[in-house]
Amino acid sequence: MSNDKFDEKTMARQNGVVQPLLTDLYQITMAYAYWKSGKVNDVAVFDLFFRTNPFQGEFTIFAGLEECLKFLQNFHYSDSDIKYLRETLPTTIEPEFFDYLKDLTCKDITLSAIEEGSVVFPRVPLLRVEGPLIIAQLLETTLLTLVNFASLMATNAARYRMFAGKNISLLEFGLRRAQGPDGGLSASKYSYIGGFDGTSNVLAGKMFNIPVKGTHAHSYVTSFSTLDDIQRVTLQHAQTHQQCNLLEIAMEWRNRLSPLLDASTEEASDGELAALISYALAFPTGFLALVDTYDVKRYRLDGLHRQHINGHSGNRNCGTNGRINSPTIRSRRGYTVERTLRSGLLNFCAVALALHDCGYRAVGIRIDSGDLAYLSVLARDTFKRIADTHDLPWFAKLTIVASNDINEETILSLHEQGHAIDCFGIGTHLVTCQRQPALGCVYKLVEINGQPRIKLSQDVGKVTIPGHKEAYRLFGADGHALIDLLQRSSEAAPEVGQKVLCRHPFQESKRAYVIPSKVEHLYKVYWKDGYVSIAPKPLSEVRERVQASLRTLRQDIKRNLNPTPYKVAVSDDLYTFIHDLWLQNAPIGELS
Ligand SMILES: Nc1ncnc2c1ncn2[C@@H]1O[C@H](COP(=O)(O)OP(=O)(O)OP(=O)(O)O)[C@@H](O)[C@H]1O
Ligand SMILES: O=P(O)(O)OC[C@H]1O[C@H](OP(=O)(O)OP(=O)(O)O)[C@H](O)[C@@H]1O
Ligand SMILES: O=C(O)c1cccnc1
Ligand SMILES: [Mg+2]
């Protein structure tokens, strides 16, 4: 496939900062030293892989491949890059080196990779880069930066999706908290791949064709103080086209609902009602309101006066296993802060019913503070009572969005407690990957001019697996992935129904025979001879690939607590090859 086709069909814009100078200085100084020592025609193989799964989990989602391909495609030092390097590198550098750099492209590089969106495991190379040593070396840092955060984010998002369950909507709200603009954009893109349903980040929506979603902020509510703040109060009826006075109808509803909600109209904020009415007038078909701006807080002695709604206690500390770690909550020990959303819920229901009288259906509410389990159940209970009393079944099903510092643990705890939330809006913990802020992919030389290279280390985990290799995923009869097997490229591929000896790369006694029911060759060539050879799939397909790939993993590998490690093995041939090379390279000490 030509570059043009790739461009036209699938290529979203690449962030402008992704360019050859987005690298570590040492790549360029090494390039000069290689060039000067006559290594221009040396051919290398590099593997890009990680050693440990993030988030104390046992799987990782591979992402970032599409961006790597765009980088290879556009790789070129501009005149201003060359000028900058001339000014920056030592004056002793021979000018011909800059002429060499000026003409460099990735046309002699071959990139093989695992499909983007696949579950991947430690030590199995995600990318294999073959080609001229100097160019392959120059790609290291940029490829790592494109794969590390992308895969970390996609894995984080996939974990949130897994723990939330498939019936809950997940929205990424993190731009304001992300690690800068590019961190924010990448977070939105890879959260979507990992299984989020949408983002609040509008540029990400435009660039990557991700659904954009959102509600409104507290500032919208606090900008209104009285009912006089609404300029226009009429709305055209959706069916009859008559003008309806939304303010008047909402006021009537507020009076009627007050006893049912056990909330006095005096307690409810008029400013909030004005804000909600004006929002409903602006978005009569998409009315989703933030309802916790004016909470009524009642402090009670812990345990003495808990209110029970559908069996849920009003105690905010109802999180199991001490999972609510908020300092605010801890500082209020001994007291239960009950936030009943009296103002917000009463005002929302009044406006929603007024909208209904005008022929529209409200969408729902967002809760952004307090005990999200308790408040969501309280809100759902209120919606159900109104649905029953007024014979409006849809009212019981209004959407409840919850946000506020949500993380994996909060979701698991909310599930344990029971809640009525339909959608989580998640920012900080998701986009900053607070639980583990970096994935440790590395880029290691495994072969040069046909000769294998091994990097030894006192730490066995850091010893590289040498040579040009292939990777296979072997599946069991039940369809689950059993083991990933690395082999030397010269070996025949494992075959379905044929016994294969799979060995732990470093522990001699750990071996197993596997008779695979299915064998998947993990690598495909994505870039060769200066062209993208397999066009990247649209994001929505990569997103589906993530879920399909996760389904091939046994549940115990995916669980939150003490997951079972997935096995990664080497063939008998590769095992011997590694250990022979290891012995050849390990110096023999002398005792004296
Ligand atoms: N039922 C629950 N179980 C576990 N965690 C919860 C539950 N409800 C809320 N949380 C989490 O508890 C934390 C509450 O934080 P915080 O103390 O800042 O409360 P807040 O209601 O936002 O208070 P403030 O009014 O001061 O903003 C958040 O991280 C939230 O996600
Ligand atoms: O909590 P996160 O997971 O990061 O999700 C995004 C947060 O951003 C918004 O408000 P912001 O935090 O800016 O202000 P607020 O907490 O005072 O509402 C929103 O209300 C969420 O609380
Ligand atoms: O649309 C929202 O509700 C939103 C967007 C960003 C951050 N917090 C909330
Ligand atoms: Mg907040």
Side-chain angles (χ1 to χ4, degrees), residues 171 173 176 198 200 202 212-258 260-261 263-296 339-370 375 379 382-383 386 390 392 394-395 398-404 422-423 425:
L171 301 180
F173 281 173
R176 65 191 60 200
S200 60
V202 184
V212 282
K213 301 260 162 68
T215 68
H216 66 80
H218 292 107
S219 54
Y220 188 81
V221 178
T222 51
S223 73
F224 291 79
S225 339
T226 69
L227 292 167
D228 297 335
D229 286 348
I230 326 176
Q231 304 289 325
R232 205 173 54 87
V233 293
T234 54
L235 175 66
Q236 200 177 50
H237 193 284
Q239 287 89 41
T240 65
H241 304 297
Q242 280 177 343
Q243 292 297 319
C244 308
N245 185 322
L246 200 66
L247 171 60
E248 256 177 41
I249 312 173
M251 292 291 284
E252 277 169 33
W253 272 115
R254 195 162 77 162
N255 289 331
R256 281 173 68 187
L257 290 173
S258 160
L260 187 74
L261 270 70
S264 75
T265 46
E266 287 84 57
E267 264 184 334
S269 156
D270 281 352
E272 182 181 58
L273 182 63
L276 300 197
I277 290 174
S278 71
Y279 211 69
L281 287 164
F283 299 102
T285 56
F287 179 56
L288 198 155
L290 185 53
V291 290
D292 67 349
T293 309
Y294 298 107
D295 297 322
V296 177
R339 296 178 155 191
T340 58
L341 299 178
R342 276 163 190 255
S343 180
L345 212 48
L346 179 61
N347 281 332
F348 167 78
C349 293
V351 178
L353 289 167
L355 266 183
H356 179 254
D357 288 345
C358 304
Y360 298 95
R361 277 190 190 177
V363 175
I365 59 167
R366 175 161 75 99
I367 308 170
D368 188 47
S369 57
L375 292 177
T382 305
F383 295 157
I386 292 176
H390 298 282
L392 298 170
W394 63 272
F395 212 90
L398 284 164
T399 299
I400 301 177
V401 182
S403 50
N404 187 21
D422 304 294
C423 171

Apply side chain to side chain contact (heavy atoms under 4.5 Å, CB included) to the pair H390 and L257, showing each step before the final yes or no.
CA-CA 11 Å; H390 298 282; L257 290 173; 4.2 Å; yes
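- What you find for T265 and L346 is that their closest heavy atoms are CA-CD2, 4.4 Å.
- Taking each heavy atom of L260 and I386 in turn, the nearest pair found is CD2-CG1, 3.6 Å.
- In this structure, A238 and Y360 approach most closely via the heavy-atom pair CB-CZ, 3.6 Å.
- Side chain of N347 to main chain of S269: a donor-acceptor pair is present (N/O by atom type, distance under 3.5 Å, no hydrogens or angles).
- In terms of heavy atoms, A268 sits closest to R254 at CB-NH1, 3.6 Å.
- Judged by distance alone, the side chains of S369 and D292 do bring a donor and an acceptor atom under 3.5 Å apart.
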Determine whether L171 and S200 satisfy the following criterion, side chain to side chain contact (heavy atoms under 4.5 Å, CB included), listing intermediate values before the conclusion.
CA-CA 7 Å; L171 301 180; S200 60; over 6 Å; no
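- For the pair I400 and I367, the minimum side-chain heavy-atom distance is below 4.5 Å.
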Which is it for T382 and L261 under the side chain to side chain contact (heavy atoms under 4.5 Å, CB included) test, yes or no, and what are the steps along the way?
CA-CA 7 Å; T382 305; L261 270 70; 3.6 Å; yes
Applying side-chain hydrogen bond (donor to acceptor under 3.5 Å, both in side chains) to T293 and E272, what does each step give before you reach the verdict?
CA-CA 8 Å; T293 309; E272 182 181 58; 4.6 Å; no
Any chance you could lay out the side chain to side chain contact (heavy atoms under 4.5 Å, CB included) test for V291 and R342, step after step, and finish with the verdict?
CA-CA 9 Å; V291 290; R342 276 163 190 255; over 6 Å; no
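- The distance from atom CG of L227 to atom CG of D270, rounded to the nearest 0.5 Å, is 4.0 Å.
- A ring-centre distance under 6.0 Å is found for Y220 and Y279.
- Atom-to-atom distance recorded for I365:CD1 and F383:CZ is 4.0 Å, nearest 0.5 angstrom.
- At a threshold of 4.5 Å between non-hydrogen side-chain atoms, the residues R256 and M251 do not count as touching.
- Residues T234 and C244 form no side-chain contact, since every pair of their non-hydrogen atoms from C-beta on lies 4.5 Å or further apart.
- Counting only distance, with no hydrogens or angles, the side chain of S258 and the backbone of A263 share a donor-acceptor pair below 3.5 Å.
- Atoms CG and CZ, from L288 and R366 in turn, are 8.5 Å apart once rounded to the nearest 0.5 Å.
- Note: D357 CG to E252 CD = 8.5 Å, rounded to the nearest 0.5 Å.
- Residues L355 and L246 come closest through the heavy atom pair N-CD1, 3.9 Å.
- Using a distance-only test at 3.5 Å, with no hydrogens or angles considered, a donor-acceptor pair links the side chain of T222 to the main chain of S219.
- Rounded to the nearest 0.5 Å, atoms CG (L398) and SG (C349) are 7.5 Å apart.
- In plain terms, the two heavy atoms of H356 and L392 that are nearest each other are CE1-CD2, 3.3 Å.
- Separating the CG atom in L290 from the OG1 atom in T215 is a distance of 6.0 Å, to the nearest 0.5 Å.
- Counting non-hydrogen atoms of neighbouring residues, nucleotides and ligands closer than 6.0 angstrom, the CD atom of Q236 exceeds 12 such neighbours.
- Within a 6.0 Å sphere centred on CD of Q231, heavy atoms belonging to other residues, nucleotides or ligands number 12 at most.
- Below 30°, between 30° and 60°, or above 60°: for F395 and F348 the angle between ring planes is between 30° and 60°, a tilted geometry.
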